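Remarks on the structure that follows.
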Amino acid sequence: MAISGIKSMILQSVLYATANQQPLLCPSPATWQCSLTPSMIIAAPNNFNPDVQTLTPPIVPEPIAPIDTPLPLKPKPTPPKPTATPEKPATPRPTTSFPRLTQEADKIAAGRAWKYFERNWNPQTGLVNSVDNLPWTTWWDQGSALLGIHAAYQLGLLPQDVFQKRMNTLLQTLEKLSLPATGLPNKAYSTSTAEMRRLNDTPDPKGTSGWSALDMARFLLALHVMRSHYPEYSDRINRIVARWHTSKLVKNGWLNGAIPRAGKLLEVQEGRLGYEQYAAYSLKLWNIQASNALSNPPVKTVEIDGIKLQIDERNFKNSGATNYLTNDPYLLWGLEMGWNDAIKPQVQNIFKVQQQRFKHTGILTAVNEDSLDRPPYFLYYSVYANGQPWQAVNTTGKTYPQLRFISTKAAFSWFALMPDEPYTKKLRDFAQNLSDKNRGYLSGRYENSQLGVNASVDVNTNGSILESLLYQARGRHPLVLDPSEIKN
């Protein structure tokens, strides 16, 4: 697909969890449910990037058939251009001590997912494109990218010298990263120049786009994994994070972001049940405490097909943002940090209700937030959202039932986390070949068989697949644990 088509697609779609978990701004942080009065500012998802509605309609790609031919386990990337010598030598641990994949299907999947990173890593900055061939990114996506590179190195997909080069290039970029007056990284950056960009990919030299606590939490989790697994980089990573005013990511115990409004930045609470707690636990790894996000989210119980689920009371009608109950935050939580006992019943029921839908309808079900290869180009497909089950909605709350899909990254992740469940094996087998031989794994396949595959290709899908494979190879230990913490 032409770069113009991809660019238009991403600008209309990739607002991710960062731009879609904002409630109505309330006078009191303890009072989330407020009246919709003219004096209130609704931090609805579309407020993050109002200009995208006027963009030229994107080019829609032809669906790409899944590839059945196995890819080589160790592709040879084009050598990156030399970068400046780091401030001190850093030699990762010998690769012989790392875990290894034993199943041929896993080796094939790892090679396919790594194709994305071969194509989309930028040697000038060390950043990875959010979407194939588009030099633009958010920090949520860079969290996926960094964890994907970590997983690939651990699994033997790239040599030690290549890993070291990529880490040094990224850290040099972060050490010199342009910051707004807020002292926090801007919402979006160019992956080719590391210059600040807006969510519509226009220049943002003063960093007026604000920040996302959710995005920053995911990236900080990834940085924590790197500093704990590779102590030779820990000092540099700690100095980088010390530059950022991370105390602004929490306010009165809630996740705190900022959006542009009337030429200024307006601080707003971020997060809905699932995303909110995933991010709060991620920040806790850096001793950043969001106590209300962890302990006091407004929830209620609903029943779907006789299965009880906790949902966020802050929905689109009463808060200006949808209460997506989808797989993504729970699966990342499990792979990266491990589920605590309090969340396990919710996770089990989220899994059961999808399994039960398949049993009752014959429709293979693995919901998620994902990019699409056609309008509206990004959807949250949820078990429950805005009062209804099985909703596929965009960032403005519009439903697209005809575009429900099975998510590749959800299929891989469920199998890694619950390998003894026959349904997760069915999901994994279905997703194994949803890939393009040159670009990596596709986002998924539409439930409507006439629509075929969802041919969008992005860093979150391919990064999550590599994470899930590393989780398996480590004996199902969460990624935050360094090797010394999992020895028997």
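This structure is a prediction, so every number in the text was calculated from the model and none was measured. All heavy atoms count here, side chains included; hydrogens, waters and symmetry mates do not. The first residue of the sequence shown is numbered 1, and numbering continues consecutively from there.
For D373 against S456, the heavy-atom pair with the smallest separation is CB-N, 3.8 Å. Nearest heavy atom pair, residue L332 against residue S464, reads CD2-OG, 3.9 Å. When all heavy atoms of A151 and L466 are compared, the closest pair comes out as CB-O, 3.4 Å. Taking each heavy atom of L170 and L146 in turn, the nearest pair found is CD2-CD1, 3.7 Å.
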Should Y423 and W414 be marked as a ring-ring contact (aromatic ring centres under 6.0 Å, His included) after you check the CA-CA gap, both sets of side-chain angles, and the distance that decides it? CA-CA 9 Å; Y423 184 64; W414 275 123; 9.0 Å; no
Side chain to side chain contact (heavy atoms under 4.5 Å, CB included), that's the test. Do I149 and W114 meet it? Break it down for me. CA-CA 8 Å; I149 290 172; W114 183 243; 4.2 Å; yes
Can you check salt bridge (Lys or Arg N to Asp or Glu O under 4.0 Å) on E175 and R236, steps first, answer last? CA-CA 8 Å; E175 285 164 344; R236 296 177 70 185; 2.9 Å; yes
Side chain to side chain contact (heavy atoms under 4.5 Å, CB included) evaluation trace for V457 with N462: CA-CA 8 Å; V457 182; N462 288 281; 3.8 Å; yes
The test is side chain to side chain contact (heavy atoms under 4.5 Å, CB included); show your working for M167 and Y153 and say whether it passes. CA-CA 11 Å; M167 278 299 297; Y153 176 52; over 6 Å; no
Show the numbers, then the answer: is there a salt bridge (Lys or Arg N to Asp or Glu O under 4.0 Å) between R428 and D106? CA-CA 10 Å; R428 170 61 190 273; D106 293 342; 2.7 Å; yes
Test side chain to side chain contact (heavy atoms under 4.5 Å, CB included) on V128 and T137 and set out the steps. CA-CA 7 Å; V128 179; T137 194; over 6 Å; no
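Remark: T365 engages R357 in a side-chain hydrogen bond (donor to acceptor under 3.5 Å, both in side chains) (not counting sequence neighbours). A search for side chain to side chain contact (heavy atoms under 4.5 Å, CB included) contacts involving A411 returns L427, A431, not counting sequence neighbours. F412 meets the ring pair (Phe, Tyr, Trp, His ring centres under 6.0 Å) test with Y441; sequence neighbours excluded. By the side chain to side chain contact (heavy atoms under 4.5 Å, CB included) test, R119 pairs with D132, R439, sequence neighbours left out. Under the ring pair (Phe, Tyr, Trp, His ring centres under 6.0 Å) criterion, F405 pairs with Y381, sequence neighbours left out. R404 pairs by the salt bridge (charged side-chain N to carboxylate O under 4.0 Å, His left out) definition with nothing, not counting sequence neighbours. With sequence neighbours excluded, the residues that form a side chain to side chain contact (heavy atoms under 4.5 Å, CB included) with T202 are R198, N200. Partners of N256 under the side chain to side chain contact (heavy atoms under 4.5 Å, CB included) rule, at least two apart in sequence or in another chain, are W211, K251, E267. Applying the salt bridge (charged side-chain N to carboxylate O under 4.0 Å, His left out) criterion to D429, with sequence neighbours excluded, gives K425. Partners of Y330 by ring pair (Phe, Tyr, Trp, His ring centres under 6.0 Å), not counting sequence neighbours: none found.
Aromatic pair H150/F163: centroids not less than 6.0 angstrom apart.
Under the side chain to side chain contact (heavy atoms under 4.5 Å, CB included) rule, L364 has a single partner from E447, K426, R445, which is K426. Under the side chain to side chain donor-acceptor pair (under 3.5 Å) rule, S130 has a single partner from D141, N120, T138, which is D141. The ring pair (Phe, Tyr, Trp, His ring centres under 6.0 Å) with W333 is formed by just one residue from the set Y278, Y281, Y275; it is Y281. Tested against L283, the residues T246, L294, L220 include a single side chain to side chain contact (heavy atoms under 4.5 Å, CB included) partner, L220.
No donor-acceptor pair closer than 3.5 Å links the side chain of S413 to the backbone N or O of A410. Between the side chain of S443 and the backbone N or O of L372 there is no donor-acceptor pair closer than 3.5 Å. The backbone N or O of N460 lies less than 3.5 Å from no partner atom in the side chain of S144, so there is not a single donor-acceptor pair. With hydrogens and angles disregarded, a donor-acceptor distance shorter than 3.5 Å links the side chain of Q277 to the backbone of A293. A donor-acceptor contact shorter than 3.5 Å links the side chain of E485 to the backbone of D482.
No hydrogens or angles considered: nothing links the side chains of T326 and D328 as a donor-acceptor pair under 3.5 Å. Looking at N129 and T191, their side chains do bring a donor and an acceptor atom within 3.5 Å of each other. Under the 3.5 Å distance criterion, with hydrogens and angles disregarded, no donor-acceptor pair is assigned to the side chains of N122 and S192. A side-chain donor from one of N327 and Q354 sits under 3.5 Å from a side-chain acceptor of the other.
Sorted by first and then second residue, the salt bridge (charged side-chain N to carboxylate O under 4.0 Å, His left out) pairs involving residues 340-355 (not counting sequence neighbours) are D341-K344. Contacts classified as salt bridge (charged side-chain N to carboxylate O under 4.0 Å, His left out) and involving residues 150-159 (residues at least two apart or in different chains) are not found.
For the pair L223 and V241, the minimum side-chain heavy-atom distance is below 4.5 Å. At a threshold of 4.5 Å between non-hydrogen side-chain atoms, the residues T169 and W121 count as touching. Residues T322 and Q391 fail the side-chain proximity criterion, which asks for heavy atoms closer than 4.5 Å. Using a 4.5 Å heavy-atom threshold, the side chains of N368 and K409 count as touching. Looking only at side-chain heavy atoms (C-beta outward), Y446 and V453 stay at 4.5 Å or farther from each other. Using a 4.5 Å heavy-atom threshold, the side chains of Q269 and E276 count as touching. Between H477 and Y471 there is no side-chain heavy-atom pair separated by less than 4.5 Å. Contact annotation: the side chain of W140 never approaches that of S212 to less than 4.5 Å [non-hydrogen atoms, C-beta and beyond].
Applying the 6.0 Å contact sphere to CD of Q289 captures more than 12 heavy atoms from other residues, nucleotides or ligands.
Remark: L403 CG to Y377 OH distance equals 11.0 Å, nearest 0.5 Å.
Judged by the 6.0 Å distance and 45° axis criteria, R272 is not positioned over the aromatic ring of W254.
Salt-bridge formation is detected for the pair R218/E467: a Lys NZ or Arg NE/NH1/NH2 atom is positioned less than 4.0 Å from an Asp or Glu carboxylate oxygen.
A perpendicular orientation is assigned to the rings of Y230 and Y233, their planes being inclined by more than 60° (bins at 30° and 60°).
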